[in-house]
Amino acid sequence: MQKVVKESFIPVVADDWYQRRRQDAEGEFFRGVANQGPRKGKGGSTRQGIYTLTADGKLLSYKNAGQNAEATLDAIEQGLRAWKKIPAAKRKPGAVKVDDDPETDEQFHRSLPKGAQVLSVFTRLIEPCDGGYQATKCETGKGDQPGRDHFWLTAKELADLADPNAKQGSTKKLSKHVLMRIARFHLLDNTRGEPPDWEDDEVRKIEIALKCKSADEGKIVWTIDGSALMNTKNDKRGCKAMLAGEWTVDRKAKRITAGDLVALGEHWGESPLTRGAPPGKAGIGIVFTIPKNEKIASQVPPQFARHVRYYLEQRY
Amino acid sequence: MFGLCLAIPLAFSADATLDAKTQAAVKAAVIPTEADETWLKIGWRANLWEARKEAAANGKPILLWEMDGHPLGCT
């Protein structure tokens, strides 16, 4: 299937929550395509699925496939058949003209804030094994893959990490916004879908201290140490974790250039969109790390950045 | 019918420490392996408008994977 997709299509992914709402040329284009199929978004409902389409907006095939490989393949094959029925003159390179960079609806278009940095966040339920850890065995689609998200640090927060006064042994506390961003939106079990974020008063404890391990003209190495506890009022869902790691910060570029933040703890409970949690308390590991593909990572906002100020500063 | 994780021993205890060796072990268990990321080898684009331009220039159709929750950024 990969070969067919790579050779025959331009593959693209999008978050339907934004696409079905945005009031701009891209939103109109997408809704125009979706309206040709069964997902017309009645009442603002989801239009998610696998679509094949032409560059000028003709729907070729649609399946509500989710992560179902067979349904996806079916949509691909059906789309290719429909594509080949289009006259060659309309399919040839350059036959369709697409406007350059139309204005975007900033309310529903998220991009990495200027000067900010994105880290990848991976989450898995884990269990001890032979002196180490391994992913807990889960059914396909029910936690067998890591939860994936992105974490943003703003230019101001990065400048603070590139502290010109830092020297070996000096300490630093992360701002309340950063602490709460980590606790509320990232220390949770998102391995089976999208959980709710922790409410402000569900964060019982979040402490993270940085200590300067070394500093020279070019870089600072911070060691990270902390702990966190979040739970709902009835304690049906919660997470308790230790945090540790190391960040190397380029003082001039004001960027984290190496290192990870690691959380290890236990998580309990589930939510309507994350059913199938193990009973009781399960081991959980969460890693904040530099993305392998920063360009792509910077185009995919954190899950809870749908309201960006709420994500960054926990207020509307 | 919802699936359940099959094994649930605790990974955390009050006297546990998160030293460098443990951090490395957690990272090894959590960060996706190459096998986990086979689907990323497709080379997904993350901008529909840019994909339109590329499809038009190359004479190809578009495959759009649209999810509530970004396919490259959630479960």
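Below, chain A is the first sequence line, B the second, and so on; all start at residue 1.
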Is it true that a side-chain atom of [X] and a backbone atom of [Y] form a donor plus acceptor pair closer than 3.5 Å?
X        : Y        : value
B:Trp49  : A:Asp99  : yes
B:Lys21  : A:Gly131 : no
A:Gln2   : B:Thr38  : yes
A:Arg91  : B:Gly59  : no
A:Arg124 : B:Ala29  : yes

At a heavy-atom separation under 4.5 Å, does [X] approach chain B through its side chain, its backbone, both, or neither?
X        : result
A:Lys292 : side chain
A:Glu26  : both
A:Ala297 : neither
A:Val5   : side chain
A:Asn293 : neither
A:Trp83  : side chain

Atom pair [atom1] ([X]) and [atom2] ([Y]), whose distance is rounded to the nearest 0.5 Å:
X        : Y        : atom1 : atom2 : answer
B:Arg45  : A:Lys295 : CZ    : NZ    : 9.0 Å
B:Leu18  : A:Leu264 : CG    : CG    : 5.5 Å
A:Phe29  : B:Leu48  : CZ    : CG    : 5.5 Å
A:Met242 : B:Asp19  : CE    : CG    : 9.0 Å

Looking at [options], which one has more heavy-atom pairs under 4.5 Å with chain B than the rest?
options                              : answer
A:Asp56, A:Asp101, A:Val33, A:Ile286 : A:Asp101
A:Glu246, A:Lys92, A:Arg20           : A:Arg20
A:Ser61, A:Gly285, A:Gly132, A:Ala95 : A:Gly285

Task: Residue part contacting chain A, namely of B:Asn47, when any heavy atom lies under 4.5 Å - done: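 Contact with chain A involves both backbone and side-chain atoms of B:Asn47.
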Task: B:Ala28 versus chain A, the contacting section by heavy-atom distance below 4.5 Å - done: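 Nothing of B:Ala28, per the 4.5 Å heavy-atom cut-off to chain A.
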Open item on the list: Could you report the tightest heavy-atom contact between A:Pro146 and B:Val30, atom names first, then the distance?
Closed with: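 For A:Pro146 versus B:Val30, the nearest heavy atoms are CB-O, 4.0 Å.
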[X] versus [Y]: any side-chain heavy-atom pair under 4.5 Å?
X        : Y       : value
B:Arg52  : A:Leu53 : no
B:Ile62  : A:Tyr51 : no
A:Asp260 : B:Gln23 : no

Task: Pairs of heavy atoms under 4.5 Å with chain A: top-ranked of B:Thr22, B:Asn58, B:Asp36 - done: B:Asp36
- [ ] Under 4.5 Å, counting heavy-atom pairs only, tell me which of B:Leu64, B:Leu40, B:Ile42, B:Val26 racks up the most with chain A.
- [x] B:Leu64
Open item on the list: Please evaluate residues B:Glu66 and A:Arg39 with respect to the criterion salt bridge (charged side-chain N to carboxylate O under 4.0 Å, His left out), reporting the C-alpha separation (whole Å), side-chain torsions for both, the decisive distance (0.1 Å), and the verdict.
Closed with: CA-CA 12 Å; B:Glu66 179 97 2; A:Arg39 279 274 162 97; over 6 Å; no
